Every structure is written in structure tokens, then in C-alpha cells.
Enquirer: 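The structure that follows is given in the form of C-alpha cells.
The analysis underlying the following values was restricted to heavy atoms, covering all of them including side chains, and did not include hydrogens, waters or symmetry mates. Small disclaimer: the values here were computed from a predicted structure and weren't measured. One-based numbering, in listed order, for ligands and for the atoms of each.
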Amino acid sequence: MDQSFPANPYFLLTPGPLSTSQTVKAVMMRDWCTWDDDYNLDVVQDIRQQLVSLATTASGYTSVLMQGSGTFSVEATIGSVLPPRGRLLVLANGAYGKRLAMISNRLGIDTLVHDSGEIERPDLDRLESTLKKDRKISHVAVVHCETTTGMLNPIDELGKIIKAYGKIYIVDAMSSFGGIPLDMDALGIDFLVSSANKCIQGVPGFGFVLAKRNEIEKTKWYARSLSLDLFDQWKTMEDFPGKWRYTSPTHTVRAFQQALTELAEEGGVAQRNQRYQSNYEILVTGMSNLGFTCLLPANYRSPIITSFYNPDEPGYDFNTFYESLKSKGFVIYPGKVSVADTFRIGTIGHVFPGDIENLMEQVKTSMSWS
Ligand SMILES: *Cc1c(COP(=O)(O)O)cnc(C)c1O
């Protein structure tokens, strides 16, 4: 097989799709039959098992894969695990938290939102007093790494309160799973959602949900959608091992398996986290030496993506800066915060400390305004 590919013209310093290895892309060069064991058992079932072992060391957890981008898996989860008379409390502090509430409202689910603003963490006292008063709340959902800003939410402290009141705990760990160590059993998480094209470093096309087995088992007939019926998708994958209900993104799925192999070869999630952490530290040190300021205080930040203020200089223009960096091999990301004028740089994907050092050189030569 000819495995030579054109080199990527630039690194994607974005939170997904992100830069992937040539070997992840190479395994997509063959076709798969969706009812054959070569695919269902050797690829899909293997992935499902590997995901569970990345999520926890405890038993009693299972996984389900779902076609579409990450949002489809979030919508499948919210739409399928809330019972008809459930009430969802969403803890929001950015665009992805707001999206959880938007999905829930759109599905006609009774939804309550605690919005702490884009640059603050969820208020633990407010959460506790609300759960104490409002007995109708059945589920609580939060984003782990709020990709809008790069803020890391305290899923451990939140989980303690949520579990103390016996609520089902849903976490959107889209941009953190595989890049930040966690154990969903220790954290009390019942449903955790992520996707192929984030920290596992696969290509886009599907998402996945890790679930506490005895909780997903209770959700039969709750789904408000056919194609996004999480229970039915899971049950099919269980009863006909590895079978998806409708056409699956076979090439993407095979690429994801290779990405999991490469994650293990790197040394697992802890090692990958160290690489992202090194990328992040080189970025933040380099950028602050060049006069850039981070939006968030250090204790709120993640090694996933970092928000910087756009320089308040008359000659500065984000698009000019962006195009200059792009021509030098790095694609950065516009800001998404409404309370401040920012841009973002991601440090996840097939990107290494040497690449970020190189980026710092290119940022320096792209500062035409100073
Ligand atoms: C990427 C991401 C999503 C899903 O986005 P898609 O564009 O649908 O893949 C959801 N939540 C968070 C926190 C994300 O970073």
C-alpha cells in the first residue's frame, strides 16, 4: 500500500478537528463491511472495551458509539436518559454549557439553568441549596473543559454534591476525555460524552457515551428521537456485538481504533496529559513573554485550549495575525467569549512541545503591529 500522503499545510491548533498522525489517516485506506465480524468484533467491540477501560477501573460501566459530531451524542444522551417527567439542571459557563440547555429546551424537557457567566466556575453553594429545595430535579449536566474559554470545571466537587442528593450526573467531557485523567466511577458520573476528533486524536464522524450500566438499562423508551435513541443504539451493540443500527462511519471508526493504539503507545492518558501540559506551558510562557495576557486566572485554565486577549494596539487586526500564522504553518482559533475580545490557541492533537516552540517564533515574527 502506498502510504505517502501530502504533508499537512498547517497544524490545527483548534479543539477538534485537530492535527492527527499520518498513521491514523493511513488506516482509512480500506473498506469495511458493517455486518462482518472483521469490523463488528475486531474493531467496534475492541473500541467499546478500550473506551470503558480509559473511563474507569471499576466494573459496571459500558459504552455506546453514535454517528454524527459530538453534539449529536450530547443530544442523544439528554434526549434519551431524561424520563418523561424528569427535570434537568444545567450548570453553564460558556457556549457548550448553553448548548446543553438549548438541546434540552428544544426537546421539551423541563430545564433549569444556572449560568455562572463565561469567566466564573459554577457556584457550589447555589447548586447545593437548589438541589436541597427542588426535589423535581432528576439530572444535572455540566461541561468538563468549557472549550469556549478553556476553563476546567470542578467535576469532582460538583459530583460530590450531585451524588449526595442522589441525582443522575451527566458530563460533557468532549474536549478533555483522553487528555485529562479521570475515573467516572470515582467522580460519580453516570453518563459521560465525548467524540472521536478530540483528545483521542481520531478524525471526525462519531461520538461516544460512557454509561453506568444499571442507569442506561433503565432508559428504554425514553428517547425522543429514533436515530438518536441512545438505549436502542446501545442495546443493538450489546445484543448483536458491535453492530450499529444504521450505517456507521467505518473509515473513521477504524482510524479511531488506530488512534487508541497510539494513545496506548504514548503511555496512556497520564502521558498524553503531560505532553499537552508541556505544550500549554510553553505556549503560556512564550505568549506572556511576547506581551499577551490570558483571559482566565491560572487555576481555572486547562492544558486543552487557552484564551488570550486580543492586543489593544491600533495596528492589531486578528485576521491579519491569523493569516500570517497560517502561512507559517499554524491555524489558531477565533474567540467565542462575549464578555471580552479574545482569540484561542489549542494545545491538543498530534502536536508536540517542539511544534509549540516553533509557533512562538512564528508569533514573534507575525507581530507586525508592535
Ligand atoms: C467540541 C465540543 C462539543 C461538540 O462539538 P461538535 O462540533 O458537535 O463536535 C461539545 N462540547 C464541548 C465542550 C466541545 O469542546
Enquirer: Kindly identify the option in Ser69, Ser194, Gly207 whose heavy atom sits closest to atom 8 (O) of ligand 1.
Expert: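 Nearest heavy atom to atom 8 (O) of ligand 1 lies in Ser69.
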Enquirer: Can a salt bridge be assigned to the pair Lys218 and Asp190 using a cut-off of 4.0 Å between side-chain N and carboxylate O?
Expert: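 No salt bridge links Lys218 with Asp190.
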Enquirer: Give me the ring orientation class for Tyr316 and Trp369: parallel if the planes are under 30° apart, tilted from 30 to 60°, perpendicular past 60°.
Expert: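 Because their plane-to-plane angle is over 60°, the rings of Tyr316 and Trp369 count as perpendicular.
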Enquirer: Nearest protein heavy-atom contact for atom 15 (O) of ligand 1: which residue, which atom, what distance?
Expert: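 So the nearest neighbour among protein heavy atoms is Thr147 OG1, 2.5 Å.
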Enquirer: Strictly below 4.0 Å, N to O, side chains only: are Glu238 and Arg213 in salt-bridge contact?
Expert: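 Counted as a salt bridge, because a side-chain N and a carboxylate O are separated by less than 4.0 Å.
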Enquirer: Would you please indicate if the ring centroids of Phe191 and Tyr169 are separated by under 6.0 Å?
Expert: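 Phe191 vs Tyr169: aromatic centres not under 6.0 Å.
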Enquirer: Just say parallel, tilted or perpendicular for the rings of Phe318 and Phe321, cut-offs at 30° and 60°.
Expert: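 Rings of Phe318 and Phe321: perpendicular, as their planes differ by over 60°.
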Enquirer: I'd like the name of whichever of Glu75, Met174, Lys198 reaches closest to atom 1 (C) of ligand 1 through any heavy atom.
Expert: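 Checking each option, the heavy atom nearest atom 1 (C) of ligand 1 is found in Lys198.
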Enquirer: Should you measure from each heavy atom of Val143, which atoms of ligand 1 turn up under 4.0 Å away?
Expert: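 Going through ligand 1 atom by atom, the ones under 4.0 Å from Val143 are 13 (C).
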Enquirer: Nearest protein heavy-atom contact for atom 11 (N) of ligand 1: which residue, which atom, what distance?
Expert: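 I find the closest protein heavy atom is Asp172 OD2, 2.7 Å.
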Enquirer: Only heavy atoms of Ser175, strictly under 4.0 Å: list the atoms of ligand 1 that pass.
Expert: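 Taking each heavy atom of Ser175 in turn, ligand 1 has 15 (O) under 4.0 Å.
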Enquirer: What are the atoms of ligand 1, with element, lying closer than 4.0 Å to any heavy atom of Thr71?
Expert: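 Ligand 1 atoms under the 4.0 Å threshold to Thr71: 4 (C), 5 (O), 6 (P), 8 (O).
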Enquirer: For ligand 1, which atoms, with element, lie under 4.0 Å from some heavy atom of Cys145?
Expert: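 Result: 13 (C).
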Enquirer: With side-chain hydrogen bond (donor to acceptor under 3.5 Å, both in side chains) as the test, would you mind laying out the steps for Asp46 and Gln50 before giving the verdict?
Expert: CA-CA 6 Å; Asp46 176 56; Gln50 289 200 56; 3.0 Å; yes
Enquirer: Could you check whether Arg87 pairs with Asp134 (Lys NZ or Arg NE/NH1/NH2 to Asp/Glu carboxylate O, under 4.0 Å)?
Expert: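 Yes, this pair counts.
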Enquirer: Quick one: look up the protein heavy atom nearest atom 9 (O) of ligand 1 and list residue, atom name and how far away it is.
Expert: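 Sorting protein heavy atoms by distance from atom 9 (O) of ligand 1 puts Gly70 N, 3.0 Å first.
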Enquirer: Taking only heavy atoms of Arg99 into account, list the atoms of ligand 1 that are under 4.0 Å away from them.
Expert: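 The atoms of ligand 1 under 4.0 Å from a heavy atom of Arg99 are 5 (O).
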